[in-house]
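Residue numbers run from 1 in the order of the sequence given. When a ligand or atom number is given, it counts from 1 through the structure's own listing order.
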Amino acid sequence: MPKLVVNVDHIATIRQARLAEEPDPVHAAFLAEVGGAEGIIIHLREDRRHINDRDVDLIKKTIKTNLNLEMAATEEMQSIALNTQPHMICLVPEKRQELTTEGGLNCIDQEQRYRDFLRPIHELGIHSSLFIDADARQIQAAADIGAEYIEIHTGHYADARDEKKAAAELDKILASISTARDLDLKVNLGHGLNYTNIKAFARVPGIREYSIGHAVVARASLMGMERAVRDMAAVIQNFVD
Ligand code: PXP
């Protein structure tokens with residue numbers, strides 16, 4: 001059964017819009033778990049535009065499920081990962097001007113860099129995931145690096161403006177899931193998934209986790225966090241009959 005892992009970054013985005021103390025992503029993580037989240041994801045960006053170091057510390061200490069800490073492959077982030085010891089880290093590319101993570105890592109060009117980054121992480125028993133596009137050559141490079149998981153970027157599928165393009169992007173993701181499984185990589189999916197487009201994956205074997213932020217926080221802003229997570233968990237539970 002795939003797990004629903006909820007990203008609470010955008011609760012912190014609302015807080016930072018007023019440079020205030022609320023809403024608190026620590027409370028959001030608690031309520032997401034009450035609603036059925038089986039893990040919490042936060043992205044500590046280098047510019048701290050939403051999640052900050054205090055959030056990482058408190059969420060790690062207070063959640064009852066697993067913490068997945070998303071980060072760029074920098075020395076600073078590596079040392080935070082080693083100190084915090086989350087259940088998993090997910091490496092993502094980071095650009096200062098982007099609204100959200102825009103694409104996958106270039107594992108082909110940066111193979112040695114990511115291998116060096118992950119070595120001490122793995123030595124501490126922290127799981128690792130690489131966020132990559134649905135591209136067979138990137139998946140092979142991720143396997144060569146020695147990552148345990150990949151998170152396949154579903155944003156191009158989610159953002160497709162017509163059915164033909166969405167079907168083509170979906171096909172790429174499905175082919176990538178099977179390539180990854182052949183290489184013994186565990187597969188997570190994330191980016192742009194919502195209560196409707198996630199249903200395309202209902203009968204697809206081998207998906208470990210769905211990483212979902214924006215759609216859940218958007219619904220939470222109107223209906224409450226617990227209800228928003230419960231609704232998404234129910235969609236995923238219907239995948240397995
Ligand atoms: N996975 C990764 C690697 C991300 O960077 C994000 C966005 O922070 C997500 C998943 C969640 O995407 P969304 O907010 O569109 O659900």
Original post:
Under 30°, 30 to 60°, or over 60°: which ring-plane class applies to Phe201 and Tyr210, parallel, tilted or perpendicular?
Top reply: tilted

**OP:** Mark up the atoms of ligand 1 that fall under 4.0 Å of a heavy atom belonging to Ile212, in ascending order.
**Re:** 16 (O)

Original post:
Considering only heavy atoms of Phe131, which atoms of ligand 1 have at least one such atom less than 4.0 Å away?
Top reply: 3 (C)

**OP:** Mind telling me whether His127 and His87 have parallel, tilted or perpendicular rings, with 30° and 60° as the class edges?
**Re:** tilted

Original post:
Which of the numbered atoms in ligand 1 are below 4.0 angstrom from a heavy atom of Asn7?
Top reply: 8 (O)

Original post:
Quick one: which ligand 1 atoms are inside 4.0 Å of a heavy atom on Val92?
Top reply: 3 (C)

Original post:
Under 3.5 Å, is there a donor-acceptor pair linking the side chains of Arg115 and Gln112?
Top reply: yes

**OP:** For ligand 1, find out whether one of its N or O atoms is nearer than 3.5 Å to an N or O atom of Gly213.
**Re:** yes

**OP:** For salt bridge (Lys or Arg N to Asp or Glu O under 4.0 Å), just list the numbers for Arg15 and Asp55, CA-CA rounded to whole Å, side-chain angles, deciding distance to a tenth of an Å, and then say yes or no.
**Re:** CA-CA 12 Å; Arg15 175 188 65 191; Asp55 302 330; 2.6 Å; yes

Original post:
What distance do Arg113 atom CZ and Thr74 atom OG1 have between them, rounded to the nearest 0.5 Å?
Top reply: 8.0 Å

Original post:
Any N/O of His214 closer than 3.5 Å to an N/O of ligand 1?
Top reply: yes

**OP:** Before signing off on this row, confirm whether Glu70 and ligand 1 have an N or O atom pair separated by under 3.5 Å.
**Re:** yes

**OP:** Please name the residue in the list Leu183, Ile139, Ile177, Leu105 that meets the side-chain contact (heavy atoms from CB on, under 4.5 Å) test with Ile150.
**Re:** Ile139

**OP:** Answer yes or no for Gly192: is there a heavy-atom contact with ligand 1 below 4.0 Å?
**Re:** yes

Original post:
Between His153 and ligand 1, which residue portion shows a heavy-atom distance shorter than 4.0 Å: side chain, backbone, both, or neither?
Top reply: neither

Original post:
What is the distance from atom CG of Leu91 to atom OG of Ser129, rounded to the nearest 0.5 Å?
Top reply: 8.0 Å

